[in-house]
Amino acid sequence: MMLRSAIPLLMLALAADAQSAGEAGGPGLALRAAKALTASMSGEAFIDHAVLLVKDGRIEALGSIDSTPVPEGYEVLDVGDAWISPGMIDLHTHVAGALGDLNDAVFQANPGLRASATVLPKNVLISRTVQGGITTVLLIPGSATNMGGQGVLLKTGFERYEDMCLRDPGSLKVAQGDNPTRWGYRMGRGLMNHHIRATSRKGIAYARAWEDFEAGRGPRPEKRLQLEIFRALRSGATQVATHTQAYTLVMNSILMLSGELGFDTYIDHGEWAGYKTAALAIEHGVAAICGPRELDAPHSRAGDTDGKILGVAAGYQERGMELVGFNTDSPVVPGETLPLQAATAVRFGFEDTDLESIKGVTIVPAMVAGIDDRVGSLEPGKDADVIVTSGDPLDPRSGVEIVLIEGRLVYAAPEVRTW
Amino acid sequence: MRGAIATGLTALLGGALMASAGAAQEAGEPGGPGLAIRARKALTAAREGEQVVDNAVLLIADGKIEAVGPALTTEVPEGYQVRDVGDHWLMPGMIDLHSHEGGTYDLNDTVYLINPELRIHGSVKPHNRKFKRALAGGVTTVLFIPGSGSNSGGQGVLLKTGLDSYEEALVRNPGSLKVAQWGNPEGWTIGVGKTFENYSLRNMFQRGLAYARRWEAHERGEGPEPERDIQWDLFRDLLAKRTQVATHTQVYQVVLETIVMIKGEFGVDVYIDHGSLGGWQAGALARELGVPAILGPRQADWPSRGIIGWAGVAPGRVQGSAAGYQTLGLEQIGFNTDAPVMPQEELFLQAGSAVRYGLDDEHLASVRGLTIIPAVTAGIDHLVGSLEPGKEADVLVISGEPADPRSSIEAVLIEGHLVYDTERDRRRF
């Protein structure tokens, strides 16, 4: 097929040690495809017979073949019947580094620990995630404590940390219920709730002392690494990602973290009956990233479904929430199967008329994590993180053929697929 | 040929014996007459300029190198004793920046997860049996360091191997602050992972440097005299760049953290030591931030076992660590043994293995990695590491290529003293 014969062009440029078309410093690249899914929140949802122009690692333009002239000197890559979409984003993963190091449950709250210290580029699991079309992940600490530490936002396909790093701290990880209850002599919800509030209160006081100092109103505070993240949270430079699923916990995430403490907060690892808090979440501007279980089943420990199987994403959506996304919790569910999370949500009632399922693995997580200026949609000015798939990216019968990150070819499907 | 060598070295030997009998100073030693050594070849390992001098003459006076150059153009001053070592080569003594062979093995007091106050010089036994064998392998300077049972094992000390007393052997104390990450320190108490190790180390640097800055402010007359706290005293040396952090670091993540945390975030001079496994992948960043890499005792990254927590990522090939760093543009590449994990006297084999696994040796990277690179890295290149005027006369007489196991060390001078001579002492290695 045309697609395979086109790929060597890109590979050749790589081998020649020159900058390949589309990369920073290289010539422009024009990607022609049967269909482009834009994942734009405001513009067209898709474009048939599309051309995507990539220059210096960024998206320059996207339009139909008829209306989008290819500038002189651009290399044209025609992928024939294949589709193009933005690279997918998974805000809950543990596989971009060493798994054994993500759960240093020193105290019950450890906001100073950084997942960035464990990143291992090109490891076996993250490489397979690239093959699944996931180009950005939030690598986060485990949930053995109420605050596991700081996540880091990474591009998946690069060889070096400094190229991968999109933002550090990518998040403050908060976990409630289940896993953290096993800490020490076992915690209940009352004490866990107290710990999160008490630590956050200390953090806010610390951040305020720095704000005062910077405004010339007070002495320079002594630097405290456990509380530094709260300066980033107060200034809106990062968010709280709460591993939260059962109703009581999701409610507490919203009321405590967003309402009382004023942090930019989102639900992740969202599942079970948490969707019943949707009205409250909308009121507080809290978005929901769902997975790895996309449904609330009869007799589940947390839910009460009258014998029905209810979709979690559908539950949030029916109650009016617009920002609903998906995550895997890889390796609990393999990172490369992120599209299946979205597809499962649709199976269990998630309305998909405006391609909400695609948005839920691209622009929604980008907005939620505050990185939609860089990634999440095929819109001019954004990083050229693009996947080429043989059909609808959420259909398991489609395969990922090519992955570009910042215009660089990081994956081209081999004859014998490994995913 | 053999006869000529024997004559030359025996002449040295005879003189040394006479000197000790008569309590006079031998040629080349402090206080003695000058010494001129003629050799087939001298590898200078100079920081810049000529690396090889054929038919060379090396002039030594008062324990220091006075000159090195071709026999044709290098005049031997009046009164200098001339030694001809025939077909042998000369090179600077080798330097091993990761050794536990400076005395006794009580060097792993893992009291806390970080112990920057512990000093290894309390364990030094100069001229121990292991040092004698190190000399026979051409190793004249070592950084004797604490073990890796905790994230910071304490302070190393830089020592000469062939001198009898601590005060003579001492090059610098503190020689380093030892930091260790991954592997061994993870066994501390209940087991710690990379995030907590990382936190503990950042916390240590944060507090230590704050202490050092209070002292600096006091010395500038800008603050009260801080209370002396020996837990943090070393950070005054680090802040003033009188010593370096030597990090026992090997897999990618912790090499990366060594570079971005210690050098990038805290601005402290640091080098990678015990560099091995997949750490070479951070080579470009190491070059950018000026972090040297001292590699060994494993010189290769083996194909991945497919386990995510494991280090290797080179798919299906044996990847040389030094070659990896070099390909990514790092020039400051040296070698260490981690003696006794690898015998101290086999330091040269580390350089040999690096070349076997792809290190480009066209510009004598193997020899430089045993001499001038570790000297620059540890900030002692004004004293040792090359055959250049003004440096201490730590000189090896060697039968050929240093990284070739077929070559042997025939004699060793430290600060002009003949401390090893195969004719006099019997071959020890």
Side-chain angles (χ1 to χ4, degrees), chain A residues 93-107 110-129 139-142 144-145 148-152 158-165 168 173 220-229 330-331 335 418, chain B residues 113 181-183 186 189-207 209-211 213-214 251-261 264-266 277-286 288-289 303-315 324 328:
Chain A
T93 182
H94 303 293
V95 301
L99 282 168
D101 293 307
L102 283 171
N103 244 332
D104 277 324
V106 189
F107 306 112
N110 308 281
L113 303 185
R114 305 189 298 184
S116 58
T118 73
V119 174
L120 185 60
K122 288 277 188 184
N123 73 62
V124 179
L125 296 182
I126 199 71
S127 294
R128 186 146 315 144
T129 304
L139 170 68
I140 53 173
T145 64
Q150 304 168 25
V152 56
F158 293 147
E159 286 177 2
R160 300 177 194 162
Y161 172 76
E162 61 271 32
D163 294 336
M164 293 175 80
C165 184
D168 189 20
K173 158 102 180 213
R220 186 190 176 89
E222 188 144 351
K223 201 157 171 186
R224 294 180 63 187
L225 297 182
Q226 280 284 32
L227 302 175
E228 273 289 294
I229 178 83
S330 176
T418 48
Chain B
L113 188 50
Q181 296 164 291
W182 191 73
E186 292 181 358
T189 65
I190 51 166
V192 291
K194 289 192 188 75
T195 60
F196 187 44
E197 290 183 288
N198 189 256
Y199 175 81
S200 298
L201 286 171
R202 287 182 76 214
N203 196 40
M204 171 183 82
F205 281 108
Q206 181 66 42
R207 294 170 67 186
L209 290 170
Y211 171 81
R213 286 198 193 94
R214 281 196 289 277
V251 298
Y252 176 81
Q253 299 107 315
V254 294
V255 173
L256 177 79
E257 285 304 322
T258 295
I259 300 167
V260 299
M261 167 176 60
E265 182 180 350
F266 292 106
L277 304 173
W280 58 272
Q281 289 179 310
L285 204 60
E288 205 175 297
L289 273 81
S304 171
R305 292 199 223 153
I307 299 168
I308 193 170
W310 181 243
V313 286
L328 292 172

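By convention in this document, chain letters (A, B, ...) are assigned in the order of the sequence lines, proteins followed by strands, and residues within each chain are numbered from 1.
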**Message:** Show the nearest heavy-atom pair for residues B:Y252 and A:Y161, with the distance to one decimal.
**Reply:** OH-N, 2.6 Å
**side-chain contact (heavy atoms from CB on, under 4.5 Å) evaluation trace for B:V260 with A:E162** = CA-CA 10 Å; B:V260 299; A:E162 61 271 32; over 6 Å; no
**Item:** Separation between CG of B:N198 and OG of A:S116, rounded to the nearest 0.5 Å
**Value:** 6.5 Å
**Request:** Working to the nearest 0.5 Å, report the span between CD of B:Q253 and OG1 of A:T118.
**Result:** 6.5 Å
**Request:** Answer yes or no: is there a side-chain heavy-atom contact under 4.5 Å between A:L120 and B:K194?
**Result:** no
**Message:** Is A:Q150 in contact with chain B via its backbone, its side chain, both, or neither, using a 4.5 Å heavy-atom distance?
**Reply:** neither
**Request:** Just do the side-chain contact (heavy atoms from CB on, under 4.5 Å) check on B:L328 and A:R160 with the steps written out, would you?
**Result:** CA-CA 11 Å; B:L328 292 172; A:R160 300 177 194 162; 3.6 Å; yes
**Message:** How close do B:E257 and A:A117 get, counting heavy atoms only, and between which atoms?
**Reply:** OE2-CA, 3.4 Å
**Closest non-hydrogen atom pair between A:R114 and B:T195, with its separation** = O-CG2, 3.3 Å
**Under 4.5 Å from a heavy atom of chain A, the part of B:L256 involved** = side chain
**Complete:** Tested for side-chain contact (heavy atoms from CB on, under 4.5 Å) against B:Y199, the lone hit among A:V106, A:L225, A:N110 is A:L225
**Message:** What I want to find out is whether B:R202 reaches A:E228 closely enough, with some N-O distance under 4.0 Å, to be called a salt bridge.
**Reply:** no
**Item:** Exam field: side chain A:D104 to backbone B:V192, donor-acceptor pair closer than 3.5 Å
**Value:** no
**Request:** Considering only heavy atoms and a distance below 4.5 Å, find which of A:E222, A:E159, A:Q226 pairs most often with chain B.
**Result:** A:Q226
**Complete:** Honestly, the part of A:V119 sitting under 4.5 Å from a heavy atom of chain B is backbone
**Asked** Side chain, backbone, both or neither: which part of B:I259 has a heavy atom under 4.5 Å from chain A?
**Response** neither
**Prompt:** Checking heavy atoms, do the side chain of B:Q181, its backbone, both or neither come under 4.5 Å from chain A?
**Reply:** neither
